[in-house]
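The block underneath contains the structure these notes are about, expressed in structure tokens.
Please read all numbers here as calculations on a predicted model, not as lab measurements. Values reported hereafter were calculated over all heavy atoms of this structure, with side chains retained and with hydrogens, waters and symmetry mates removed. Quick note on labels: first sequence line is chain A, next is B, and so on, each numbered from 1.
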There are 2 protein chains.
Amino acid sequence: MNFQQLRFVREAVRRSFNLTEVAAALYATQPGVSRAIKELEDELGVELFVRRGKRLVGLTEPGRALIDVVDRMLTDAQNLRRIADQFSGDDAGGLILATTHTQARYALPPVIKQFKGRYPRVHLGLHQGSPQQIAEMVSKGQADIGISTEALDTFADLLTYPCYIWHHAVIVPTGHPLVDFGMLTLDAIAEYPIVTYDEAFTGRSHIDAAFLRAGLAPDVVLTAIDADVIKTYVEVGLGIGIVASMAYDPARDQSLELLDSRHLFEPNTTRLGVRKGSFLRGYMMEFIRLFAPGLGADDLASLAEPRAA
Amino acid sequence: MNFQQLRFVREAVRRSFNLTEVAAALYATQPGVSRAIKELEDELGVELFVRRGKRLVGLTEPGRALIDVVDRMLTDAQNLRRIADQFSGDDAGGLILATTHTQARYALPPVIKQFKGRYPRVHLGLHQGSPQQIAEMVSKGQADIGISTEALDTFADLLTYPCYIWHHAVIVPTGHPLVDFGMLTLDAIAEYPIVTYDEAFTGRSHIDAAFLRAGLAPDVVLTAIDADVIKTYVEVGLGIGIVASMAYDPARDQSLELLDSRHLFEPNTTRLGVRKGSFLRGYMMEFIRLFAPGLGADDLASLAEPRAA
DNA sequence: TATCCTTACGGAATTCGTAAGCATG
DNA sequence: CATGCTTACGAATTCCGTAAGGATA
């Protein structure tokens, strides 16, 4: 048994059993992967993969039983390296964030700037995706920290923590009738075509819930995954927008106006998630501390000892 | 990084950093061990061991931080093999019990007989030791199941379960004055020299506690770790014995008499312990079921999924 | 001086890639 | 017929043991 074999097995599961892809992903050749997997199966005395003809199509029952252990072993191998790097003292390393456009565009820039100042030698990777994809990336160890307002709790092997609370706001073109409406109401908003986030993005569920509670069926004419796109279409006059208030920049968005809507929609909590069992290097903890200053010392401690948590 | 290196590191810690011993224990040569460890340290970029001159004398701080992960990885490697064996279906394998003389001699024989009947191809190993040694053997993975009345909870990484309850009894040579004494008292016993178990063995603490509570200081003239030795010396007339009642066999021990003492000493609970995180093969579970029939289905389930527990 | 680790060298074993072959959708 | 796995062969690498050397209790 060796680590290469385990890596191949894990990757085969991730890449839906296409060994050619596995080989490409892990810088090996396909016959090498094929053989390594077979050798592991021989050594263990069970077939891990179901073969249809010559192709692999799934995990056998023993395969399913073993894959979690394999996963943990490889995570531990990574932990070993990380802990060692931690002690070797240099601040070099990698930090891969998985996050939505909203966070990447509006919430993260100041934090990342500060972080980079303190850890200039850490290579930062920013992976964007849907909340589900984010949760999956962290859960699979492809990202170190996931940041999102939704769905982070859909994977059991994530530890998540609240970071900050934000609100939705309505944006309208300057001169729009709603500007002088006074205290906004859902009814008033529902009179106009609406441009907002895609389902499952950036608190969209709270928007829907508010209208549903009020018995309203607003006309959502366009959805997008990011506020920049939404603002663009609001500027063009397609309708009024509902976005995260932090997406509005008075200096840049002079053709738009922000209307306070805190009283209309449930507040949203952006959460951060890390994979259970993954060791977090010192600078990762520091990043979390920067991004979620509200996290208590005990929360951070539980992150540092993920096995005990 | 490879498993051989990890094994060497783990064994080095266990063998108090004597690499020559490590090599002997793992069927390798000392230079090989030396080199493998150094290569791992190079790869990780930290020294795991403190060297005084050319000798290894302890773990460095990073070494201490890493050793637990190394341990877990090797346990997982073993789990992998066990789970695979489990599925490959054959009932061959090994089961190493760590236990005291008392259990091995009096409690285990019928269970082992039954077990062997059902799993003739499982190789049984019986390691004897003090309760502390037993706990250690299980904790280090040198034994699969530890059985003892004491000390099993001194290691945090053991899961323990009660198996059965037993009592101490007084044994005397036939014709001894105490035979006709009627209901025994601690005072009456304390009149005679006593032969019983060593400290830390077979419920000895309960014996001491009873006398202490009664304000008595009995004359313990000889201690031994097993009832066979104790009985021998009682037969010779060295004193009266206090042993586990199951150690008395009316047929074999015709020169001795057993005096009921259930009312004098706290009852003892023999416990069974397994290592957290170790996968238990089907026949191991079956052994536990045979030895501790009182264990509930949920207890057994929690044993089957040690990581979740 | 015995114990214990290191270094140096050489052979054995393992690993891995290339090339060719074959089954399947 | 393109995709994807297997087999065969050979080269490169890694692994590991023997032998000799040096430091320490």
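- B:R52 contributes no side-chain N or O that, together with a main-chain N or O of B:V50, makes up a donor-acceptor pair within less than 3.5 Å.
- For B:T20, taking side-chain heavy atoms from C-beta onward, the closest of the listed nucleotides D:dG4, C:dC4, D:dA19 is C:dC4.
- Of all nucleotides listed (C:dT18, D:dG4, C:dC5), D:dG4 comes nearest to the side chain of A:R55.
- A:G32 comes within 4.0 angstrom of no nucleic acid atom, judged by non-hydrogen atoms across all strands.
- Interatomic distance, A:R82 CZ to B:L66 CG, rounded to the nearest 0.5 Å: 13.5 Å.
- If you measure from atom CG of A:D42 to atom C1' of C:dT14, you get 15 Å, rounded to the nearest angstrom.
- A donor-acceptor contact under 3.5 Å is formed by the side chain of A:R35 with the base of C:dG17.
- Proximity note for B:R52 (side chain, C-beta onward) versus D:dA25, C:dT15, C:dT7: the nearest is D:dA25.
- Counting only heavy atoms from C-beta on, B:P31 has its side chain closest to D:dA19 among C:dG17, D:dA19, D:dT7.
- Taking atom CD of residue B:Q4 and atom P of nucleotide C:dA13, one finds them 16 Å apart after rounding to whole Å.
- The pair A:D228-A:R105 counts as a salt bridge, with a side-chain nitrogen and a carboxylate oxygen less than 4.0 angstrom apart.
- Protein atom NZ of B:K54 is 11 Å distant from nucleotide atom C1' of D:dA20, rounded to whole Å.
- If you take CZ of B:R15 and P of C:dC4, they are 13 Å apart, rounded to a whole angstrom.
- Ranking C:dG17, C:dC5, D:dC16 by closeness to the B:Q30 side chain, first place goes to C:dC5.
- D:dC16 atom C1' lies 9 Å from atom CZ of B:F8, rounded to whole Å.
- Here A:F49 lies out of heavy-atom contact (under 4.0 Å) with every strand.
- Rounded to whole Å, atom P of C:dC16 lies 7 Å from atom CG of A:N2.
- One can place CD of A:E39 at 10 Å from C1' of C:dC16, the figure rounded to the nearest angstrom.
- Side-chain atoms of B:Y283 come within 3.5 Å of backbone N or O of B:G94 as a donor-acceptor pair.
- The main-chain N or O of B:S139 is found under 3.5 Å from a side-chain atom of B:R275 such that the two form a donor-acceptor pair.
- Atoms CD (B:Q5) and C1' (D:dC16) sit 13 Å apart, rounded to a whole Å.
- With D:dC15, D:dG4, C:dG17 as the candidates, the nucleotide lying closest to the side chain of A:N18 is D:dG4.
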